[in-house]
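These notes are about the structure you will find just below.
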Amino acid sequence: MKYLPLLSALLLSATPAIADDFLYLRCDTKFSKISKDLRANKIIESDEGVDIFHSKVDLMNNRVIGAEDDAEWEEVEIVNGVYSVGEEKLVDGVTLSTSMFLQVDPPGKMTVNVLSRDDNSSVSFKVTGMCKEVDASVFEKALKESES
């Protein structure tokens, strides 16, 4: 659950179940995180788990919002039913590489890979899962639960 903000930010990208021009998604995921000391070539920390994410996608206006955080609508580009992101940036000497693929319409496979690295250490975060179309009420319930 401590990875929820990172995934929510990355997932502000897609969901399916048609109702009032929106799609609603429930994504069942598995994640792994590995922190490594690059100089000693040793794993410092390893963590695995499962999580569920809910999203609401506005395909007409190319925007997405997640239910599990205080997110706002985010404009996205969905091409042929797929939302994907690939970027690399350098922040304060740390290289951050992110890639994401999410089959939105029809809902399907999701993969997220994030690598944060400097000269001394690296943190790798991977998520895989499947998304399925759900009713709007499922999204609304998840939204209410996250607000409490």
Side-chain angles (χ1 to χ4, degrees), residues 1-17 22-59 61-134 138-148:
M1 289 300 231
K2 58 186 171 184
Y3 306 110
L4 195 56
L6 172 62
L7 285 178
S8 294
L10 292 171
L11 286 176
L12 286 181
S13 6
T15 34
F22 293 109
L23 297 175
Y24 299 88
L25 284 181
R26 172 191 161 123
C27 300
D28 295 293
T29 66
K30 294 180 182 180
F31 67 85
S32 66
K33 175 188 173 192
I34 299 174
S35 299
K36 192 172 184 180
D37 178 334
L38 296 176
R39 293 184 188 245
N41 196 26
K42 290 186 179 180
I43 293 175
I44 300 167
E45 179 185 2
S46 181
D47 191 16
E48 294 182 342
V50 297
D51 217 338
I52 298 171
F53 301 96
H54 297 87
S55 300
K56 179 177 181 178
V57 178
D58 181 349
L59 291 173
N61 296 302
N62 287 316
R63 59 188 190 144
V64 177
I65 191 166
E68 281 78 15
D69 55 15
D70 295 329
E72 296 181 10
W73 283 102
E74 180 177 321
E75 291 186 26
V76 298
E77 186 173 346
I78 300 169
V79 178
N80 295 324
V82 175
Y83 170 73
S84 62
V85 172
E87 65 182 14
E88 186 170 308
K89 57 185 170 183
L90 183 63
V91 178
D92 297 327
V94 177
T95 302
L96 182 63
S97 302
T98 305
S99 67
M100 178 181 174
F101 170 91
L102 179 57
Q103 178 66 44
V104 177
D105 187 22
K109 186 177 176 181
M110 177 186 101
T111 59
V112 178
N113 292 296
V114 178
L115 176 63
S116 174
R117 177 187 169 140
D118 62 17
D119 291 337
N120 301 315
S121 62
S122 70
V123 178
S124 172
F125 186 70
K126 298 179 186 237
V127 179
T128 59
M130 289 297 291
C131 300
K132 66 180 180 179
E133 187 174 330
V134 295
V138 175
F139 176 83
E140 295 302 326
K141 180 179 177 188
L143 185 61
K144 284 181 185 177
E145 287 175 0
S146 74
E147 292 172 349
S148 51

Which atom names give the shortest non-hydrogen contact between [X] and [Y], and what distance separates them?
X: Lys56; Y: Trp73; answer: O-CZ3, 3.6 Å
X: Val50; Y: Lys30; answer: CG1-CG, 4.0 Å
X: Glu77; Y: Val79; answer: OE2-CG2, 3.6 Å
X: Ala67; Y: Ser146; answer: O-OG, 2.7 Å
X: Gly93; Y: Asp118; answer: O-CB, 3.6 Å
X: Gly66; Y: Phe139; answer: C-CE1, 4.1 Å

What is the distance from atom [atom1] of [X] to atom [atom2] of [Y], rounded to the nearest 0.5 Å?
X: Asp37; Y: Asn120; atom1: CG; atom2: CG; answer: 7.5 Å
X: Phe22; Y: Leu59; atom1: CZ; atom2: CG; answer: 10.0 Å
X: Ser99; Y: Asn113; atom1: OG; atom2: CG; answer: 4.0 Å
X: Glu88; Y: Leu115; atom1: CD; atom2: CG; answer: 8.5 Å
X: Ile78; Y: Gln103; atom1: CD1; atom2: CD; answer: 10.5 Å
X: Ile44; Y: Ile34; atom1: CD1; atom2: CD1; answer: 12.0 Å

Practice item. For Asp28, enumerate each residue passing the salt bridge (Lys or Arg N to Asp or Glu O under 4.0 Å) test, keeping only those at least two apart in sequence or located in another chain. Key: Arg26

Is there a side-chain contact between [X] and [Y] in this structure, where contact means two heavy atoms from C-beta onward sitting under 4.5 Å apart?
X: Val138; Y: His54; result: yes
X: Val76; Y: Val85; result: no
X: Val127; Y: Met100; result: no
X: Phe53; Y: Leu25; result: no
X: Asp51; Y: Glu68; result: no
X: Met110; Y: Leu102; result: yes

Review point. Could you go step by step and tell me if Arg117 and Leu38 meet the side-chain contact (heavy atoms from CB on, under 4.5 Å) rule?
Key: CA-CA 9 Å; Arg117 177 187 169 140; Leu38 296 176; 3.8 Å; yes

Exercise for review: List in chain and number order the residues that pass side chain to side chain contact (heavy atoms under 4.5 Å, CB included) with Lys109, two or more places apart in sequence or in another chain; answer none if no residue qualifies.
Suggested key: Thr111, Met130

Check your understanding: Among side-chain atoms of Glu48 and Ser32, is any donor-acceptor pair under 3.5 angstrom?
Key -> no

Exercise for review: Mind running side-chain contact (heavy atoms from CB on, under 4.5 Å) on Arg39 and Asp119 for me, showing each step along the way?
Suggested key: CA-CA 8 Å; Arg39 293 184 188 245; Asp119 291 337; 4.2 Å; yes

Practice item. Decide, yes or no, whether a salt bridge links Asp58 with Arg63 under the criterion of side-chain N to carboxylate O below 4.0 Å. Key: yes

